[in-house]
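A, B, ... follow the sequence lines: proteins, then strands. Residue 1 opens every chain.
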2 protein chains.
Amino acid sequence: MEQKAIDVFRACIPLFNALSDPARQDIILLLAEQEPLSVNEIAEQSNLSRPAISHHLKIMREIQLLQIEQKGTQRYYSLSLNQSVEQLKQLIDIVESECIF
Amino acid sequence: MEQKAIDVFRACIPLFNALSDPARQDIILLLAEQEPLSVNEIAEQSNLSRPAISHHLKIMREIQLLQIEQKGTQRYYSLSLNQSVEQLKQLIDIVESECIF
DNA sequence: TTTATATGTTTAAATGTTTAAACATATAAT
DNA sequence: ATTATATGTTTAAACATTTAAACATATAAA
């Protein structure tokens, strides 16, 4: 196993963490339907509180899974999946070439 | 967003959970180097206790990320990554066809 | 049958995550 | 300036996860 494989694997941890939570998956699925949405709009369509939604949005913002468009006092969130998808593809490539026999 | 996309997304949660832990990643990387290994052999090469290793192995066994070969009193663990890799590929396909514009 | 070895399970403590209430900040409108 | 609205942050409680010690089980050898 090369160091690069280890690095790629480790680098995926924040993404795996972000995607392993049903509340965050719900937000992603909601944004895939209607984009962009503000924190309040997301909270209205959820059974979680606005601060809880804000917390989950922060986690996803930090790994660049979401992007923000500020409009006056409102922040509109939309998906930004390309980078994360590329990360997963890279992991799959390395696993297939180094771990599967 | 179709129901199938939601199902695939949800179905990946146990895998994301399993892969989001550094201790479990270490076990996977170790098995990618030397396979198969017993619980004791894995624990010897780790700084975690044997019961902790056993616990993490159980989590990975439950999602069929590992397979066991019993030899007398020992259980030899090896990777079984095909199914999980297919699951990730399926997720990527759906995200690319339904969520990326 | 008894003993030794390998493993899994239960339990309790430590740690981390998730949540909502309360508070703080910042922009827009009056 | 003051008020209203949208959002983020801090905090404390509830909840879940992780860990290692103690215990239980099961196979193999003497």
For B/Gln87, enumerate each residue passing the side chain to side chain contact (heavy atoms under 4.5 Å, CB included) test, keeping only those at least two apart in sequence or located in another chain. B/Ala11, B/Cys12, B/Leu15
Side chain to side chain contact (heavy atoms under 4.5 Å, CB included) involving B/Gln45 - partner list, sequence neighbours excluded: B/Leu30, B/Gln34, B/Leu37
Specify the residues of residues 51-59 of chain B, ordered by number, for which at least one heavy atom lies under 4.0 angstrom from an atom of DNA chain C. B/Pro51, B/Ser54, B/Lys58
Within residues 10-20 of chain B, find the residues that approach DNA chain C with a heavy atom at under 4.0 Å, and present them sorted by residue number. none
Qualifying ring-ring contact (aromatic ring centres under 6.0 Å, His included) pairs with a residue from residues 21-50 of chain A, counting only residues at least two apart or across chains: none
Does A/Ser97 use its side chain to pair, donor to acceptor, with the backbone of A/Asp93 at less than 3.5 Å? yes
Please work out if A/Tyr76 contacts a base, only the sugar-phosphate, or nothing of the nucleic acid, heavy-atom cut-off 4.0 Å. nothing
On DNA chain C, check which nucleotide each of A/Gln70 and A/Asp21 is closest to and give me the residue with the more 5' one. A/Asp21
Would you mind telling me which residue lines up with the more 5' stretch of DNA chain C, A/Arg24 or A/Lys71, judged by nearest nucleotide? A/Arg24
Watson-Crick or G-U counterpart of D/dC23, or none if no pair lies under 3.5 Å: C/dG8
Contact span of DNA chain C against chain A, any nucleotide atom under 4.0 Å from a heavy atom, 5' to 3', runs C/dT18 to C/dA28
Can you list everything that forms a ring-ring contact (aromatic ring centres under 6.0 Å, His included) with B/Phe9? Sequence neighbours excluded, please. none
Enumerate donor-acceptor pairs with a distance under 3.5 Å from any side-chain N or O in residues 54-62 of chain A to protein atoms, sequence neighbours excluded.
from	atom 1	to	atom 2	distance (Å)
A/His56	ND1	A/Arg24	NH1	3.0

Qualifying salt bridge (charged side-chain N to carboxylate O under 4.0 Å, His left out) pairs, either residue in residues 37-50 of chain B, two or more places apart: none
Would you mind listing every salt bridge (charged side-chain N to carboxylate O under 4.0 Å, His left out) that reaches into residues 74-88 of chain B, with sequence neighbours excluded? B/Glu86-B/Lys89
Residues forming a salt bridge (Lys or Arg N to Asp or Glu O under 4.0 Å) with A/Lys4, sequence neighbours excluded: none
My understanding is that only residues two or more places apart in sequence, or in another chain, count here; which of them pass side-chain hydrogen bond (donor to acceptor under 3.5 Å, both in side chains) with B/Asp26? A/Arg10
